[in-house]
Amino acid sequence: MGVYHAGSLAVQDRLGVRELADHVGRSIGEGIKPVAAAFLELQPLLVVGAADPATGRVWAAPLSGSPGFVRATGPRQISVVGGGTPGVPTSPLAAALATEGTPVGTIALDPRTRRRMRLNGTLRPTPRGIAIEADRVFANCPKYLQRRETYETLPDRRPGEPRVADELTEAQAEFLAVADTFFLASVHEGGADASHRGGNPGFVRVDSPRELSWRDYPGNAMFLTLGNLAADPRAGLLFLDWTTGTAVYLTGEARTEFTPERRVRFTLFEAIEIQGAVPLRWSAPEYSPANPDCP
């Protein structure tokens, strides 16, 4: 398969950016360059997106550890040691990450430097965690990334029991409505992807306990995520509390509305909240100068 599948090509054609997308798409490769390997080894957090092998529902989930827990172990392979998810039944991706051959998308985002890197491929479990054979590796620009200058690891923080529901609680809706960042997992035939969405608090709109929406800000013109959603609407959203480590995982379907503004509308099928899911406490954000004002 080429850089783009039919879903992404359709969105590019609709918006008249096919030529630009072809140019930008040359940055996507299969290999992990030394600068990318060095970046990965500095990260305490990796977000993974995949479909549950039993239900088909798509989720995004955080893996965390001391810097070095993610590292390149070959020109096209990374390993993740521990990470807090493989084999832990409280994670909605536990089954996917324990199944050899699972297509996964990953994103390593460094709030300290406003850098991010995406790596997609195929997973296999290992005695110490997981390994991913890469088929796509690329970086994204720093747009819409909030800077958080420092973090600390809290080794005594333990994940709470998962709270599962088919709609948002009032407290969850309030949390999402002031979020400045979330992660978005999507899939296509034979592959998966994990991406980032950011903006000033209020950029995510909670339209009802079972529906969210957000404006799709201008990006790199590749439309990998919107292309996936055009081909397969299944999606997983991950919202993190950067102070308490609480994670709100959402799965459902997302569709793009192109008029009067480009907006993605997400319908919720299931929500899981786990307090203390991530043992990291980050400093307060400095919002990206690229963030548009929220209505």
Interatomic spacing from [atom1] in [X] to [atom2] in [Y] - rounded to 0.5 Å:
{"X": "T181", "Y": "L109", "atom1": "OG1", "atom2": "CG", "value": "7.0 Å"}
{"X": "E100", "Y": "T122", "atom1": "CD", "atom2": "OG1", "value": "10.0 Å"}
{"X": "L184", "Y": "F266", "atom1": "CG", "atom2": "CZ", "value": "8.5 Å"}
{"X": "T256", "Y": "L226", "atom1": "OG1", "atom2": "CG", "value": "4.0 Å"}
{"X": "R265", "Y": "W214", "atom1": "CZ", "atom2": "CH2", "value": "10.0 Å"}
{"X": "F223", "Y": "T225", "atom1": "CZ", "atom2": "OG1", "value": "10.5 Å"}

How close do [X] and [Y] get, heavy atom to heavy atom, and via which atoms?
{"X": "P162", "Y": "I272", "value": "CB-CG2, 3.9 Å"}
{"X": "I274", "Y": "P159", "value": "CG2-CB, 4.0 Å"}
{"X": "Y249", "Y": "A60", "value": "CD2-O, 3.3 Å"}
{"X": "N120", "Y": "A194", "value": "OD1-N, 4.4 Å"}
{"X": "P285", "Y": "D180", "value": "CG-OD2, 3.8 Å"}
{"X": "P53", "Y": "T99", "value": "CG-OG1, 3.8 Å"}

*Apply side chain to side chain contact (heavy atoms under 4.5 Å, CB included) to R76 and E133, showing your working.*
CA-CA 6 Å; R76 289 184 54 191; E133 187 75 15; 3.8 Å; yes
I want to check something: taking the side chain as every heavy atom from C-beta on, are [X] and [Y] in contact at a cut-off of under 4.5 Å?
{"X": "L97", "Y": "L63", "value": "yes"}
{"X": "P279", "Y": "S64", "value": "yes"}
{"X": "R128", "Y": "S79", "value": "no"}
{"X": "L250", "Y": "E270", "value": "no"}
{"X": "W59", "Y": "L237", "value": "no"}
{"X": "F203", "Y": "P292", "value": "no"}
{"X": "L15", "Y": "R262", "value": "yes"}
{"X": "L240", "Y": "P62", "value": "yes"}

[X] side chain to [Y] main-chain N or O, any donor-acceptor pair under 3.5 Å?
{"X": "Q172", "Y": "T169", "result": "yes"}
{"X": "R14", "Y": "L9", "result": "no"}
{"X": "R158", "Y": "P155", "result": "yes"}
{"X": "Y287", "Y": "R147", "result": "no"}
{"X": "T259", "Y": "E261", "result": "no"}
{"X": "R234", "Y": "G56", "result": "yes"}
{"X": "Q146", "Y": "Y144", "result": "yes"}
{"X": "T106", "Y": "L119", "result": "yes"}
{"X": "R118", "Y": "A108", "result": "no"}
{"X": "Q12", "Y": "M222", "result": "yes"}

_Working for side chain to side chain contact (heavy atoms under 4.5 Å, CB included), residues L176 and L168_ = CA-CA 10 Å; L176 271 54; L168 298 173; 4.0 Å; yes
Are [Y] and [X] connected in a single hydrophobic cluster, I mean Ile/Leu/Val/Met/Phe/Trp/Tyr linked by side-chain heavy atoms less than 4.5 Å apart?
{"X": "L212", "Y": "V178", "result": "no"}
{"X": "L46", "Y": "W282", "result": "yes"}
{"X": "V47", "Y": "V137", "result": "yes"}
{"X": "I107", "Y": "L280", "result": "yes"}
{"X": "L229", "Y": "V104", "result": "no"}

Ion pair [X]/[Y], N-O distance below 4.0 Å:
{"X": "E253", "Y": "R255", "answer": "yes"}
{"X": "D216", "Y": "R197", "answer": "yes"}
{"X": "R281", "Y": "D241", "answer": "no"}

*Could you please spell out the steps behind the side chain to side chain contact (heavy atoms under 4.5 Å, CB included) verdict for D166 and F269?*
CA-CA 6 Å; D166 60 3; F269 294 168; over 6 Å; no
*Run the numbers on I130 and R124 for side chain to side chain contact (heavy atoms under 4.5 Å, CB included), then give the verdict.*
CA-CA 6 Å; I130 59 173; R124 63 177 174 84; over 6 Å; no
Counting only pairs under 3.5 Å, give me each side-chain donor-acceptor contact of residues 28-43, with atom names and distances, residues two or more places apart or in other chains.
{"unit_1": "E41", "atom_1": "OE2", "unit_2": "R71", "atom_2": "NH1", "d": "3.4"}
{"unit_1": "Q43", "atom_1": "NE2", "unit_2": "F39", "atom_2": "O", "d": "2.9"}
{"unit_1": "Q43", "atom_1": "NE2", "unit_2": "D110", "atom_2": "OD2", "d": "3.3"}

_Aromatic ring pairing F239/F175, orientation class (parallel under 30°, perpendicular over 60°, tilted between)_ = perpendicular
*asked:* Taking the six-membered ring of Y151 as reference, does the cationic atom of R112 (NZ for Lys, CZ for Arg) lie under 6.0 Å from its centre and within 45° of its axis?
replied: no
*Would you find more than 12 non-hydrogen atoms of other residues, nucleotides or ligands less than 6.0 Å from E152 atom CD?*
yes
_Please determine whether the number of non-hydrogen atoms from other residues, nucleotides or ligands lying under 6.0 Å from atom CD of E286 exceeds 12._
yes
*Short side-chain donor-acceptor distance under 3.5 Å, D193 and N228*: no
*Side chains of R148 and S283: is there a donor and an acceptor less than 3.5 Å apart?*
no
